[in-house]
Amino acid sequence: MMNFKLYSVLMVIIILTSCVRDNKQETQETADSSNFNVAPTATETPHKSVELKELPWLAEVDTVSLNISLKRNHQVSTQNLDEKNVIEIINKKYPDNQLIWKKKSNDTAYISIPNAFYLTQSSGSLGARIFLAESTFSITEIPGIKVVYFDFEAGDHASPGAYQRADFK
């Protein structure tokens with residue numbers, strides 16, 4: 001009976017961790033070839049975009065509970081955040097999940113992920129949640145944006161739709 005309980009616990013752990021993978025490779029090659037085309041709207045003042053070295057928000061994972069908490073990255077100034085530099089740094093950190101800024105309407109940013117296979121099928125549920133959380137928190141750090149609508153083909157680990165910070169708390 002004891003062996004059965006031990007075996008059962010081990011199987012549950014293996015099953016839960018089999019979908020947990022967060023591949024965060026940084027490649028300059030992908031960052032340089034990122035597809036981005038943003039024109040300032042009538043209410044925005046054109047300014048020179050400042051290159052970011054890191055995301056404004058970073059996810060931390062509790063290794064025991066696998067819960068995600070997001071922490072403000074104080075090494076990144078929020079003064080110069082805009083659509084261009086936030087999308088570029090996300091694309092640099094996550095080269096397999098390339099974001100394309102489509103538009104801003106009211107308080108919503110519309111983002112496309114044309115090739116979401118890695119996000120929805122390969123990164124695992126935790127990896128997909130980390131990506132969506134860091135992207136949502138970082139994009140909503142841009143003034144005037146409270147919601148991020150991700151458009152991509154749904155898969156096992158992620159679904160398209162509107163995300164806001166409260167979705168990850």
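The shortest non-hydrogen separation linking Asn80 to Asn85 is O-ND2, 2.8 Å. Shown here for Ala116 and Phe152, the closest heavy-atom pair between the two residues is CB-CB, 3.6 Å. The two residues Asn91 and Leu99 make their nearest non-hydrogen contact at OD1-N, 2.6 Å. The nearest pair of heavy atoms linking Lys93 to Leu58 is NZ-CD2, 3.7 Å. Of all the heavy atoms in Leu66 and Val61, the pair that sits closest is CA-CG1, 4.0 Å. Residues Gly144 and Lys104 come closest through the heavy atom pair O-CE, 3.8 Å.
We find the CD1-CD distance between Ile113 and Gln98 to be 10.0 Å, quoted to the nearest 0.5 Å. Between atom CD of residue Glu134 and atom NZ of residue Lys71 there is a gap of 13.0 Å, rounded to the nearest 0.5 Å. Expressed to the nearest 0.5 Å, how far CD1 of Ile111 lies from OG of Ser135 amounts to 8.5 Å. The NZ atom of Lys92 sits 10.0 Å away from atom CD of Glu54, with the distance rounded to the nearest 0.5 Å. Note: Leu81 CG to Ile89 CD1 = 11.0 Å, rounded to the nearest 0.5 Å. From Ile87, atom CD1 reaches atom CH2 of Trp101 across 6.5 Å, with rounding to the nearest 0.5 Å.
Considering only heavy atoms from C-beta on, Trp57 comes within 4.5 Å of Arg72 through its side chain. At a threshold of 4.5 Å between non-hydrogen side-chain atoms, the residues Asp107 and Thr140 do not count as touching.
Annotation for Asn106: atom CG does not count as buried by contact number, only 12 or fewer foreign heavy atoms lying within 6.0 Å.
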Check the pair Leu55, Ile90 against side chain to side chain contact (heavy atoms under 4.5 Å, CB included), reporting the backbone distance first and the verdict last.
CA-CA 7 Å; Leu55 287 176; Ile90 294 169; 3.3 Å; yes

Show your reasoning for whether side chain to side chain contact (heavy atoms under 4.5 Å, CB included) applies to Asn73 and Phe137.
CA-CA 11 Å; Asn73 184 350; Phe137 269 69; over 6 Å; no

Apply the test side chain to side chain contact (heavy atoms under 4.5 Å, CB included) to residues Ile139 and Ile145: give CA-CA distance (whole Å), side-chain angles for both, the deciding distance (0.1 Å), then the verdict.
CA-CA 7 Å; Ile139 293 169; Ile145 298 176; 4.2 Å; yes

For a side chain to side chain contact (heavy atoms under 4.5 Å, CB included) check, start with the C-alpha distance between Asp151 and Lys102, then their side-chain angles and the critical distance, and finish with the verdict.
CA-CA 10 Å; Asp151 182 26; Lys102 292 310 224 179; over 6 Å; no

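Contacts of Gln121 classified as side chain to side chain donor-acceptor pair (under 3.5 Å), with partners at least two apart in sequence or in another chain: Asp156. Residues passing the side chain to side chain donor-acceptor pair (under 3.5 Å) test with Asn67 are Ser65, sequence neighbours excluded. Applying the side chain to side chain donor-acceptor pair (under 3.5 Å) test to Gln164 and every residue at least two apart in sequence or in another chain returns nothing. Checked against ring-ring contact (aromatic ring centres under 6.0 Å, His included), Tyr163 has the following partners two or more places apart in sequence or in another chain: Phe150, Phe168.
If you chain together ILVMFWY residues whose side-chain heavy atoms come under 4.5 Å of each other, Phe117 ends up in a group of its own.
Screening residues 158-169 for salt bridge (Lys or Arg N to Asp or Glu O under 4.0 Å) gives Glu141-Arg165 as the qualifying pairs, with residues at least two apart or on separate chains.
Put simply, Ile130 and Leu70 are part of the same group of oily side chains (I, L, V, M, F, W, Y) that touch within less than 4.5 Å, one to the next. Under the 4.5 Å side-chain heavy-atom criterion for grouping Ile, Leu, Val, Met, Phe, Trp and Tyr, Tyr149 is not connected to Phe131 through any hydrophobic cluster. In terms of hydrophobic clustering, with Ile, Leu, Val, Met, Phe, Trp and Tyr side chains grouped at heavy-atom distances under 4.5 Å, Val147 and Val86 are assigned to different clusters.
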